[in-house]
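Keep in mind that what you see is a predicted model, and the values were worked out from it rather than measured.
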Amino acid sequence: MVALGALDSFLISASRALCTPLAVFVQIQGCVICLVLATGWAFAAYVRNREIRRMKNGFKAGNSFAFLCHDVNDLEHSSQIKLPRVTVVMPLKGFGEHNLQNWRSQITSLYGGSLEFLFVVESTEDPAYHAVCRLISSFEDRIDARIVVAGLSTTCSQKIHNQLVGVENMHMDSKYVLFLDDDVRLHPGTIGALTAEMEKNPKIFIQTGYPLDLPSGSLGSYCIYEYHMPCSIGFATGGRTFFLWGGCMMMHADDFRNNRYGLVSGLRDGGYSDDMTLAAIAGDHKRLITSPPTAVFPHPLASDLSFSRYWNYLRKQTFVLESYISRVNWIMNRALFTTHFYLSWGFVMPYLMAMIHIAAALRVGFRNVDSGDVPATSVGLRLATSLAVSTVIELLSMWNLTKVEIQLCNILSPEEPPVSLESYNWALIFLAMLVDNFLYPISAVRSHFSQCIDWSGVWYHLKNGKINKIERNKESGTKYSDLGGKHLYGKRGAPPKASFLCSLGRSLAQWRQPKKFDV
C-alpha cells in the first residue's frame, strides 16, 4: 500500500465530501441549468429558423424582396403611400469605430412611408455631433434628418433625457416613435417590419428586438456575448414577451404626447434605465410587449474591448436592478436579483466540484490506494462526466442559435458583408461562461451597497430607486464607452462613403412621390 501524500489525502477527502446528498444536488443542478439553457436556445433557433424558411420560400416563389415583406404587393405605391409617419430618435454619446456604419444602416432604411431621423446629443462638444453633421450633409437633403442638442440632464440619465427631448421635437403627424441606440445595425426592412406589426395589432404597447454580439476576440467581448445569450431566449418568441431591450423600442407617439400611464414623468423624474422603467409600466398596466422574429441585429463589439470595460458594463447591468418606479417593480427586481445570484453561482460551483473529482480520480488511478476510496472517486467521476456531457449539449445549442441568427442577419441585410461564425472561439466562450457567472453576484452585491455608477463618464447616485444626484467630471470619469469603445470627449468623425444601399434609399425617396408612378 502506497502512503498518501497531503495533496492526495486532501483531494480524496474533498471528493468524498462532495458526494454527500447536498453536494450531489448542487452538481446535478448544474447539469439541469445547462440543459434548460440548451432547450431555450433550441426553441429560439426554431423560431428564427422558421423565419428563414419563410423568406427562402418567398424567394423561390418569385418574391425577390422577401427580406423586406411577406407580400410583394405591399411594395406597390398604392400601399406605400398609406404607411404612417415614423420618427426615429437616436440618443448619442461619443464616437467610435462602428458608429458610422451603424448610423448609415439606420438612415438608409427602405421603409416606404415618411421617416424622420433625430440625432440627439447633449452638446455640440460631443464628438458624435461633428460626425453626424458630416453624415447628414453627405446625403444633401435626400433624407429628413437633423441634430437636436438636448443639454445636460438634471433629473434622469442622460440617455433618457435625450430620448424625451427627441420626442418633444418629433413631427406632429408622427404615429410611431422608434428609439435606437447608436450601436444598433439595422436591416433595410426593420422599420417596415416593426411598423407593419404595430398596424396589424394596435394593442401592442412596445415592440423590441435584441442584439447578436460579434465578439472582437478578447475575453471581455466573449463575456458580454455570453451574458446576452441567455437573455436572447426571451426575445426569440416571435411574438409576446416580457423582456425589453432599450436599444430598439417602437412605441405609439401619442403615448408620449399624452403621458399615458405616467410614462414620461416616470422616465423624467429620476429614471435611470429606459427599458426597465418602460417594462415595469407595461407590466403594471398589463400592456403588450412583442418581439418580431426578424428583430435581431448584428452588434460588433469594439476591437480593443478590455476586461475592465466589460466589468463596468456588467456593473451597469446589475445596477439597473437597484432602480424602480413602484413597490411591485422593487419586488420584481429583488426577485431577479436573488434568482440570478443563485443561478449564477449554482452554475459555476459544479465545475469547481468537477475539477476536484477529476483530480482525485487521477490520483487514485496512478496510485495503489485504499479500495475504500475508489467508490467515492468513481461517483465523483460520474458526476463530472454528466456535467461535461451537459456542457457540450449547451455549447452545441448556443452554437446552433448563433449560426441561425447569423444566417438570418445575412439574409435580412443582403448588401452588407456577410457575418461569419468562424471567428467565434468556443474555448473562450466556455471560459467566459464561468467568468461571467462568477462575477455577476459580486457585481450585483457591489451595486446594491454602492448605489452609484459611472455611465459614460457621468456618476449617477440613486435614492429610493430613483436618481437623486448627478456628478460630471471629465478628468476622473470614463474616457471610452464600454462596448463600442467610443471616444466620449475626444475624436471627431469623418464622412462615410456612399454605398449601393444609400442609392436605394435615395431611389425609394423618389419612389414615394405619386407623380413617379401610375399604379
Without hydrogens or angle criteria, can the side chains of [X] and [Y] be said to hold a donor-acceptor pair below 3.5 Å?
| X | Y | answer |
| --- | --- | --- |
| Arg54 | His70 | yes |
| His98 | Asp183 | no |
| Ser153 | Arg472 | yes |
| Glu116 | Thr87 | yes |
| Glu322 | Asn333 | no |
| Ser291 | Gln207 | no |

Test item: [X] side-chain N/O and [Y] main-chain N/O as donor-acceptor pair under 3.5 Å:
| X | Y | answer |
| --- | --- | --- |
| Thr195 | Gly192 | no |
| Thr277 | Ser273 | yes |
| Ser105 | Asn102 | yes |
| Gln158 | Gly151 | yes |
| Ser323 | Tyr272 | no |
| Ser397 | Ile393 | no |

ask   = With sequence neighbours excluded, what pairs up with Asn400 under the side chain to side chain donor-acceptor pair (under 3.5 Å) test?
value = none

request  = Go through the structure and list residues passing side chain to side chain donor-acceptor pair (under 3.5 Å) with Tyr261, not counting sequence neighbours.
outcome  = Arg287

request  = Could you please spell out the steps behind the side-chain hydrogen bond (donor to acceptor under 3.5 Å, both in side chains) verdict for Ser303 and Glu97?
outcome  = CA-CA 9 Å; Ser303 57; Glu97 60 181 303; 3.2 Å; yes

ask   = What's the verdict on side chain to side chain contact (heavy atoms under 4.5 Å, CB included) for Leu115 and Ser109, showing C-alpha distance, side-chain angles and the deciding distance?
value = CA-CA 9 Å; Leu115 267 177; Ser109 168; 4.1 Å; yes

Could you check, using the six-membered ring where one of them is a Trp, whether [X] and [Y] have ring centers closer than 6.0 angstrom?
| X | Y | result |
| --- | --- | --- |
| Phe95 | His130 | no |
| Phe307 | Tyr310 | yes |
| Trp455 | Phe319 | no |
| Phe256 | Phe179 | yes |

key: side chain to side chain donor-acceptor pair (under 3.5 Å): pairs with one or both residues in residues 246-257, sequence neighbours excluded   = Asp254-Arg257, Asp255-Arg260

request  = Apply side-chain hydrogen bond (donor to acceptor under 3.5 Å, both in side chains) to the pair Tyr176 and Glu199, showing each step before the final yes or no.
outcome  = CA-CA 10 Å; Tyr176 303 113; Glu199 290 287 282; 2.4 Å; yes

query = Hey, is Asp269 close enough to Lys466 for a salt bridge, meaning N to O under 4.0 Å?
reply = no

task = Step by step, work out the salt bridge (Lys or Arg N to Asp or Glu O under 4.0 Å) result for Arg309 and Asp304.
result = CA-CA 10 Å; Arg309 296 212 319 248; Asp304 59 346; 3.3 Å; yes

ask   = Residues two or more places apart in sequence or in another chain: which of them pass ring pair (Phe, Tyr, Trp, His ring centres under 6.0 Å) with Tyr424?
value = Tyr225

inquiry  = Going by the rule ring pair (Phe, Tyr, Trp, His ring centres under 6.0 Å), which residues pair with Phe243 if we only count those two or more places apart in sequence or in a different chain?
reply    = Phe235

message = Please list all pairs meeting ring pair (Phe, Tyr, Trp, His ring centres under 6.0 Å) that have one or both residues in residues 43-67, counting only residues at least two apart or in different chains.
response = none

message = Between Asp454 and Arg315, is the salt bridge (Lys or Arg N to Asp or Glu O under 4.0 Å) condition met? List the steps.
response = CA-CA 9 Å; Asp454 173 13; Arg315 287 269 290 112; over 6 Å; no

query = Between Trp245, Tyr210, Tyr222, which is the residue that forms a ring-ring contact (aromatic ring centres under 6.0 Å, His included) with His228?
reply = Tyr210

task = Kindly determine whether Asp274 and Gln163 satisfy side-chain hydrogen bond (donor to acceptor under 3.5 Å, both in side chains), including the steps that lead there.
result = CA-CA 9 Å; Asp274 54 337; Gln163 289 173 324; 3.0 Å; yes

request  = Might you point out which heavy atoms bring Leu408 and Pro293 nearest each other, and give the distance in Å?
outcome  = CD2-O, 3.4 Å

